[in-house]
Amino acid sequence: MPLTTTRRAFAAAIAILAALPAAAQDVPTLYFSAIPDNDETKLQERFGKVADYLEATLGVPVEYVPVKDYAASVTAFRNDQIQLAWFGGLSGVQARRLVPGSHAIAQGAEDQSFVTYFIANTGTPLTEPEDGSFPEGLEGLSFTFGSQGSTSGRLMPEFHLRRITGEDPRDFFSDVGFSGDHGQTMRLVASGAYDVGALNYTVYEQAVTDGAPEVETTKVIWRTPPYPDYNWTIRGDVDERWGDGFAKRVQEAIIAIDDPALLDSFPRTGFIAAEDALYDAIEDTAQQLDLID
């Protein structure tokens, strides 16, 4: 082979090899997060596995991004630091209002009829009425919500407290706090730091299943009427970055999750399709409580 031809072939081969890493780098990473409804270590373990699943299923790099609180998850979505998020009902509404074109794509099967548990320290005389009515004897006790931006830990508990008592919770209880997450709410009530608290029912049920020590000094005293809650929300511009139909592919990948280990990360028995209209009642309630404009 003539020298010139050899050089040309060599140069062409080098060009091809050099182009391969660049092509790989051209595929943007899909970043997702989740509202921090439990401690950070557990969240990292839970959602790291979900990132691996989505990456393998979608064929694009996927990375889980931890956030410090509910507001931070909404801010990250607004700022395009994440393009997909596992939100609560309220944080999902907030995020979609800030990013036009974004929409809910899936929810857990349990999220169609979610409930909040009111729990009390076993040292109190409070009990759960058999007829499901709101228990007596709460006035003047201390009470903790979860995060200020939590649907199940703040929005719906406050809505029902105002509806039933006719008062602002800060006037009805002797002391009102915000624990930051559902697991902490349970720990605070179990320790007696607060007499009563409101939390995501799945967190409490998981603690019962795990035999967590907090279960020994807490008891369920009321369950709210059901409401829609957690949802996967995706930005409206993802198809422009990853190709037409990408949002639909993400939705299908989430709904297809059937590995018990992955589902236990939420925990949910499965996922179903969702749409924004399912959360209209959440938006209305948040407006009534002046949590959103």
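All values reported here derive from a predicted model rather than from experimental measurement.
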> Without hydrogens or angle criteria, can the side chains of Gln288 and Asp284 be said to hold a donor-acceptor pair below 3.5 Å?
Replying inline: no
Report task. Indicate yes or no for a side-chain donor-acceptor contact from Asp69 to the backbone of Ala71 under 3.5 Å, with no hydrogens or angles considered. Result -> yes
Worksheet item: For Leu141, does its backbone N or O pair with a side-chain atom of Ser174 as donor and acceptor, under 3.5 Å?
Response: yes
Could you state whether Leu278 and Ile272 fall into the same hydrophobic cluster, counting links through intermediate Ile, Leu, Val, Met, Phe, Trp or Tyr residues with side-chain heavy atoms under 4.5 angstrom apart?
no
Please report, to 0.1 Å, the donor-acceptor pairs under 3.5 Å made by any side chain of residues 132-140, with sequence neighbours excluded.
| from | atom 1 | to | atom 2 | distance (Å) |
| --- | --- | --- | --- | --- |
| Ser133 | OG | Asp131 | OD1 | 2.7 |

**Study point:** Short side-chain to backbone donor-acceptor contact, Asp229 and Gln112, under 3.5 Å
**Key:** no
CZ (Arg235) and CZ (Phe77) are apart, to the nearest 0.5 Å, by 6.0 Å
Distance-only donor-acceptor check, side chains Thr202 and Glu110, under 3.5 Å: no
Notebook entry, point to check: Going through the checks in order, is the side chain to side chain contact (heavy atoms under 4.5 Å, CB included) test met by Thr122 and Glu216?
Noted result: CA-CA 8 Å; Thr122 51; Glu216 299 299 319; over 6 Å; no
*asked:* Test side-chain hydrogen bond (donor to acceptor under 3.5 Å, both in side chains) on Thr233 and Arg96; report intermediate values, then the result.
replied: CA-CA 8 Å; Thr233 287; Arg96 292 190 293 273; 2.7 Å; yes
Side chains of Trp242 and Pro28, heavy atoms from C-beta outward: is any pair under 4.5 Å? yes
- Item | Heavy-atom side-chain contact between Val62 and Val50 under 4.5 Å | no
Do the non-hydrogen side-chain atoms of Ile221 and Lys219 ever get within less than 4.5 Å of each other? yes
Ala109 and Thr269 have their tightest heavy-atom pair at CB-OG1, 3.8 Å
Note to self: Does any part of the side chain of Leu161, heavy atoms only, come nearer than 4.5 Å to the side chain of Phe173, both counted from C-beta?
What the structure shows: yes
Are side-chain heavy atoms of Thr144 and Val189 found at a separation under 4.5 Å?
yes
ask   = Hey, does the side chain of Asn79 reach the backbone of Gln81 with a donor-acceptor pair shorter than 3.5 angstrom?
value = no
**OP:** Assess whether side-chain hydrogen bond (donor to acceptor under 3.5 Å, both in side chains) is satisfied between Tyr70 and Gln94, documenting all intermediate values.
**Re:** CA-CA 10 Å; Tyr70 284 55; Gln94 292 171 321; over 6 Å; no
Problem - Pair Phe143 and Phe172, ring centroids less than 6.0 Å apart - result: no
Using side chain to side chain contact (heavy atoms under 4.5 Å, CB included), reason through Ser152 and His182 one step at a time and then give a plain yes or no.
CA-CA 9 Å; Ser152 55; His182 302 292; 3.2 Å; yes
* Val176 with Leu199, same ILVMFWY side-chain cluster at under 4.5 Å -> no
Distance col, row Met186:CE vs Asp181:CG, nearest 0.5 angstrom, shows 12.0 Å
Does the side chain of Asp195 come under 3.5 Å of the side chain of Ser142 through a donor N or O and an acceptor N or O? yes
When every non-hydrogen atom of Ser73 is compared with those of Val67, the smallest separation belongs to CB-CG2, 3.8 Å
(request) Apply side chain to side chain contact (heavy atoms under 4.5 Å, CB included) to Tyr194 and Leu188, showing your working. (result) CA-CA 6 Å; Tyr194 286 92; Leu188 289 172; 4.1 Å; yes
- Trp86 vs Phe271, ring pair (Phe, Tyr, Trp, His ring centres under 6.0 Å): CA-CA, chis, key distance, verdict: CA-CA 12 Å; Trp86 175 238; Phe271 292 101; 5.6 Å; yes
When rounded to the nearest 0.5 Å, the distance separating CD of Glu275 from CG of Asn231 is 12.0 Å
Worksheet item: Quick one: does Thr29's side chain have a donor or acceptor within less than 3.5 Å of a partner on Tyr31's backbone?
Response: no
Closest heavy-atom pair, Gly180 versus Ser147, reported as atoms and distance to 0.1 Å, is O-CB, 3.4 Å
Check your understanding: Passes side-chain hydrogen bond (donor to acceptor under 3.5 Å, both in side chains), Arg187 versus Gln184? Steps please.
Key -> CA-CA 5 Å; Arg187 288 187 286 272; Gln184 181 67 355; 3.0 Å; yes
Rounding to 0.5 Å, atoms OG (Ser265) and CG (Asp259) come to a distance of 8.5 Å
Check whether Leu262 and Tyr64 end up in the same hydrophobic cluster, where Ile, Leu, Val, Met, Phe, Trp and Tyr are linked by side-chain heavy atoms less than 4.5 Å apart. yes
For Ile234 and Ala247, the nearest pair of non-hydrogen atoms, with its separation, is CD1-CA, 4.1 Å
Are Leu289 and Tyr279 connected, step by step, through hydrophobic side chains (Ile, Leu, Val, Met, Phe, Trp, Tyr) whose heavy atoms are closer than 4.5 Å? yes
- Message: Quick check on the 6.0 Å ring-centre criterion: do Tyr227 and Phe159 meet it?
- Response: no
Heavy-atom nearest pair, Ile82 first then Ser33, reads CD1-CB, 3.8 Å
So CE of Met156 and CZ of Arg163: to nearest 0.5 Å the spacing works out to 9.0 Å
- Task: Show the numbers, then the answer: is there a side chain to side chain contact (heavy atoms under 4.5 Å, CB included) between Phe32 and Gln83?
- Result: CA-CA 6 Å; Phe32 85 93; Gln83 296 78 46; over 6 Å; no
Here the pair of heavy atoms bringing Gly59 nearest to Arg249 is N-NH2, 4.5 Å
- Task: Would you check if the side chain of Thr57 reaches a backbone N or O of Tyr53 as a donor-acceptor pair within less than 3.5 Å?
- Result: yes
- Item | Derivation and outcome, side-chain hydrogen bond (donor to acceptor under 3.5 Å, both in side chains), residues Tyr204 and Thr218 | CA-CA 10 Å; Tyr204 193 85; Thr218 58; 3.2 Å; yes
Quick check against the 3.5 Å criterion: does Asp276 have a side-chain atom that pairs as donor or acceptor with the backbone of Ala104? yes
Query - Residue pair Asp80, Arg241: steps toward the salt bridge (Lys or Arg N to Asp or Glu O under 4.0 Å) verdict - result: CA-CA 12 Å; Asp80 197 23; Arg241 293 185 235 185; 2.8 Å; yes
message = I want to check something: taking the side chain as every heavy atom from C-beta on, are Ile292 and Val93 in contact at a cut-off of under 4.5 Å?
response = yes
- Should Arg162 and Asp171 count as an ion pair when the cut-off is N to O under 4.0 Å? no
I'd like to know if the side chain of Asp111 and the backbone of Gly108 have a donor-acceptor N/O pair within less than 3.5 Å. yes
Inset, instruction - Determine whether Leu155 and Glu158 make a side-chain contact, defined as any pair of heavy atoms from C-beta on separated by less than 4.5 Å. - result: no
task: Give a yes or no on whether Ile282 and Leu98 share a hydrophobic cluster (residues Ile, Leu, Val, Met, Phe, Trp, Tyr; joining criterion: side-chain heavy atoms under 4.5 Å apart).
output: yes
inquiry  = Tell me whether Arg268 forms a cation-pi arrangement with Tyr230, defined as NZ or CZ under 6.0 Å from the six-membered ring centre and within 45 degrees of its axis.
reply    = yes
Strictly distance-based, threshold 3.5 Å: is any side-chain N or O of Asn121 a donor or acceptor partner for the main-chain N or O of Ala190? yes
Output for pair (Thr185 OG1, Asn200 CG), nearest 0.5 Å, gives 10.0 Å
Margin query: Aromatic contact between Phe266 and Phe47, with the criterion being ring centroids under 6.0 Å apart: yes or no?
Written below: yes
query = Looking at side-chain heavy atoms only, is the closest gap between Trp232 and Gln107 below 4.5 Å?
reply = no
